[in-house]
Amino acid sequence: MKRLAIESSKGALLLCAVLLAGCGGGGGAAPSSNTPQAATPVLSAGTGTYTTLQRVAISEPTAGATVYYTIDGSTPTAASAVYSAPIPVAATTTIEAFAAASGYTGSSVAQATFTIQFPPAPAIGTVTDIHQGFLYQIVTDRFFNGDATNDNPSESPGLDDPNGFTDTAQADWHLYWGGDLAGISQKMGYLKSMGVTGIWISPPLNNIRANAGASNGETGYHGYWPRDMMQIDEHFGDDANSWTAFDNLVTAAHSVGIKVIVDFVANHTNPIGAGEDGSLYNNGTPVTTYSTDTGATPYYHHNPNISNYDDRYQAQYYTLEGLADLDQTNPWVDRYLKGAVTNLLDHGADGFRFDAVKDVNWGWEYSLENTVANWSGSATLPTAAARPFLFGEWAEGSGDALYPDSVKFSNNSGMNLLDYPLYYQLADVFGGGKSFTEIDNELTLEDAGSPGSTAQPFAQPNDLVTFFDNHDNARIMTLGADRMGMKQAISFLLTCRGVPVLYYGDEQYLHNDTAGGTDPYNRNPMTSFASTDAVLLVQYLAALRAANPAIAYGSMQQRWINDDVYIYERKLGANVVLVAINKSATASQAIGGLYTYLPPGSYADYLAQTMGGTGITVTGTAGGNNSVTGFTLPLRSVSIWVSQGSVPPSIGSVTPRVANPGTTVTINGAGFGAAPGSLNFTVGSTTLAASVANWSDGQIVAMVPALPAGTATVMVTQGTGTSAAAPFTVSTSALVPVNFSVSGTPALSSTDVIMLSGSVSELGNWAASWNSAIGPVTIPAAGSGLLTVSVPAGTAVQYKFLVLHGNGSVTWEGGANHSYSIPLTGVGTAAVSWQN
Ligand code: NOJ
Ligand code: NOJ
């Protein structure tokens, strides 16, 4: 046994111990002085092979002693970790510990090796819908260098770190490191093995070819500084900026059933006054730069940086962090952006993560959604395939002033959102050790709304895209989570409602804590593709998601909660998944008074105790009120109990959620039956059956029937069962953006907003409420209002502006209605003066 000695209560290590004989008294000999030796710590389990998570406690007989330990095979010293709570062991580990106490020499070292052999995860079933799996977010430049020929490309030399992934100093975090689309293609097997159903890749389009920073370099390695949206960047593809590498990636992904979600930037091009000064190209042809954009119809807004993110006008029309801010209602820009998006669809993209949607013109984005909904593919693509899945980034919490606007935007435009409000709570709880009540309260607010306020519930919470790490925020392991904490966060994310996104490298425990671990230190090089215990956990959870539709499509209900324990239930028909997490490092928790929909019986932990979980017994017969026999939830554990059964027709999501008659939609869910039943759309009192192109038990592809425009519901009937109604909006026809403006508006109090309402559904059908009228309009300057609305092409409409007061009362414009004929294509302008 190795021996250590310690000099004083200050804990200074004498260091004689390990190697020098006679100092600590090797081989059991007494210490040479009269100073007694601290007793050797006792590990709660010994060397052996284990198939479940071990929680190794260390006890120390000598009163007042401090126990120091290592888990990496090194000999512990007084500089090692101080033992305070049982150590979770989920991978083969050697624990070594010694004790030090004032008035004693250091103890002998206790040591044990735990060989962990967890059972493999169940096979992951084949699924067709991303909801039944999860997304995996990749910063392409940092993932894998699959093609050395595009390193330091001749078109833009000098932007690569010459050492790339092998730069151990990693000094040049703002340069290209060599990851590319070919690299992702080559790692498809790794992704597939985890059950990934979709990859979200950083923007692949052509970025500036210059350095936009003074010292250490500022390049477009992240993809958010496009210059040409019709080409693939030479660092990610090839020197000809061709689509070959992108097409190959799509082929590789689709061949294993993985969808490709492309990050797309519609808000801006690239930095003003540096690099290429907001250069804009159209498939190689120069269009403008920021400072030469002096024509009558500018491509860019020329406004200051956003300083007040709570101001609707600034958010949409000012400059985001010095990036040349595109005017999406310039007719050329409108066509270009939509052309770039449909070009990506033609190349096989399965959906988009739209960047900074809060800072793009909101009203214009409705027409972007409409463009994607109306896209039917080139002749070579299957038109009856799953429709593109869209989600946007609105980087704001539910406490922010424009949170109600974000919900309204998502519900009415059909654009799903990244669940940023929930993200803040997840980072706080799993990274910062805060109470589970933060998460629970947030879910209630988002899914049920806040009665009496303008914050409506999200129409389809299972379509919110959930995450706890990304490329813009410090990873939770930087914030404070250890490996067990990371796995608890993964367990929550992959069983919570929503479409989960795992940020690349979390399953390899990647993090770099330099400067708080935020951008760029959260864009770590992916240096390992090993089968870690976190990878195994992801496989277990992916198998569960694929097998049990309660997770993708079911309800979510809190069942038991305190600061450290969260027990919640997912349910769809007779499919029930009950999840229990105890994040306390020090205390197990006695659980009493827990009720469930699980039928009576005994339940083993679905995770096979790889997360230290436990089994339970359920008694009783009452639906939803079956009683779980009192039990103890181990500290730092996750347990999952599952039952599967039949399910009546249940709609999980409709994609797109807003579309014109005649548009193809995908209905995902469960219990639809193998043979076609019927699919009905209802607007007001009119119900029409949809014509069905494809029908399977979990997915229907059908056409929106010729209904009048308006708020709709969708229902599936199979035999005697009919689903609950899912929300949908029928739009009138193809939508074009129109800039509605008004001058000479009345003075507003701080709680007043100006809205617009008019004669078609897209203009609110003359409704005057916060939720049903259109707006609030932006206020470019006191006394004027500006609002882009996407409205039916070629239609004659009437409308008025109104002031909606804080108490809900309304002041309409006087006089006759304004009349306007919406153009068939392009972008319209309708300017009026307020009528008293
Ligand atoms: C949000 C993106 O996620 C972030 O990385 C980027 O810098 C900004 N939008 C601007 O594109
Ligand atoms: C400042 C960030 O830089 C910006 O991207 C974000 O939209 C706002 N904070 C959130 O309100």
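Start at 1 and go down the list; that is how both ligands and their atoms are numbered.
Closest heavy-atom approach to atom 2 (C) of ligand 1 among the candidates Leu320, Leu418, Leu323, Asp355: Asp355.
Comment: Glu507 does not engage Lys487 in a salt bridge, judged by the lack of any side-chain N to carboxylate O separation of less than 4.0 angstrom. Salt-bridge annotation for Asp472 and Arg523: present, with a side-chain N of the basic residue lying under 4.0 Å from a carboxylate O of the acidic one.
Not counting sequence neighbours, Gln460 has no partner by the side chain to side chain donor-acceptor pair (under 3.5 Å) test. Applying the side chain to side chain donor-acceptor pair (under 3.5 Å) rule to Thr319 yields no partners; only residues at least two apart in sequence or on another chain are considered.
Under the 3.5 Å distance criterion, the side-chain polar atoms of Thr478 are left unmatched by any main-chain donor or acceptor of Ala474.
Contact analysis puts Asp472 in contact with ligand 1, with a non-hydrogen atom separation below 4.0 angstrom. Using a 4.0 Å cutoff on heavy atoms, His268 counts as a contact of ligand 1. Ligand 1 has at least one atom lying under 4.0 Å from a heavy atom of Glu393.
Near Arg523, with a cut-off below 4.0 Å to any heavy atom, the atoms of ligand 1 are 5 (O). Interface of Arg353 with ligand 1, defined as ligand atoms under 4.0 Å from a residue heavy atom, comprises 2 (C), 3 (O).
At a heavy-atom cutoff of 4.0 Å, ligand 1 is contacted by no atom of Lys358, backbone or side chain. Looking at His471 against ligand 1, only its side chain comes within 4.0 Å, counting heavy atoms.
Here the options are Leu426, Leu422, Asp419, Asp447, the test is side chain to side chain contact (heavy atoms under 4.5 Å, CB included), and the partner is Glu442; only Leu422 passes.
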